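Because the structure is a prediction, the values reported are computed rather than measured. Below, each value reflects all heavy atoms present in this structure, side chains not excepted, and no hydrogens, waters or symmetry copies.
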Amino acid sequence: MPKPRKYPRYVEWLHSQPCVVTGRLPVEAHHLTRLAPMNRMTRNDRYMVPLSPDLHNFGRESVHVMGVTKFEALHGVDLTEAAERYWNKWEQENGG
């Protein structure tokens, strides 16, 4: 059974934002994997970026095909910094 979303309003808002690489819509929300306590990897709705479908899952240059390090180098984007920027923008627009 899938885990319930912790920030459903944020996820909905993120889907209205342009792709962090192309600036186009539509987008899919890409979760960044984070290191949690006790060296466990975790996903959190707060750490996501909007990516076009081709750059998210299926294209040759997608994050899931290339891996994060190669994807960031090829597209000139820091996904962690972008996720923080989107979260801060959402908080400003929605009163924190």
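For the pair Glu72 (side chain) and Leu79 (backbone), a donor-acceptor distance under 3.5 Å is present. When atom types are taken as modelled, the side chain of His75 and the backbone of Glu61 share a donor-acceptor pair closer than 3.5 angstrom.
Under a hydrophobic clustering in which Ile, Leu, Val, Met, Phe, Trp and Tyr are joined whenever their side-chain heavy atoms come within less than 4.5 Å, directly or via other members, Val65 and Leu55 fall into different clusters.
Using a 4.5 Å heavy-atom cutoff, the side chains of Glu93 and Trp13 are in contact. Residues Val20 and His30 are not in side-chain contact: their nearest non-hydrogen atoms beyond the backbone lie 4.5 Å or more apart. By the 4.5 Å heavy-atom criterion applied to side chains, Leu51 and Phe71 are counted as neighbours. Using a 4.5 Å cut-off on side-chain heavy atoms (C-beta onward), Trp90 and Arg46 make no contact. Counting heavy atoms from C-beta outward, Val27 and Gln17 have side chains that stay 4.5 Å or more apart. Looking only at side-chain heavy atoms (C-beta outward), Trp87 and Tyr47 stay at 4.5 Å or farther from each other.
With rounding to the nearest 0.5 angstrom, the NE2 atom of His15 is 11.0 Å from the OH atom of Tyr10. Here CD of Gln92 is found 9.5 Å from NZ of Lys89. Values are rounded to the nearest 0.5 Å. Of the inter-residue distances, the one linking Met48 atom CE with Glu28 atom CD reads 12.0 Å to the nearest 0.5 angstrom.
Residue Pro18 comes nearest to Gly23 through the heavy atom pair CB-O, 3.4 Å, listed as atom of the first residue, atom of the second, then distance. The two atoms that bring Leu14 and Ala29 nearest to each other are CD2-CB, 3.9 Å, heavy atoms only. Shortest non-hydrogen contact noted between Pro53 and Pro26 is CD-O, 3.5 Å.
Around CZ of Arg85, the count of heavy atoms belonging to other residues, nucleotides or ligands within 6.0 Å exceeds 12. Annotation for Glu12: atom CD does not count as buried by contact number, only 12 or fewer foreign heavy atoms lying within 6.0 Å.
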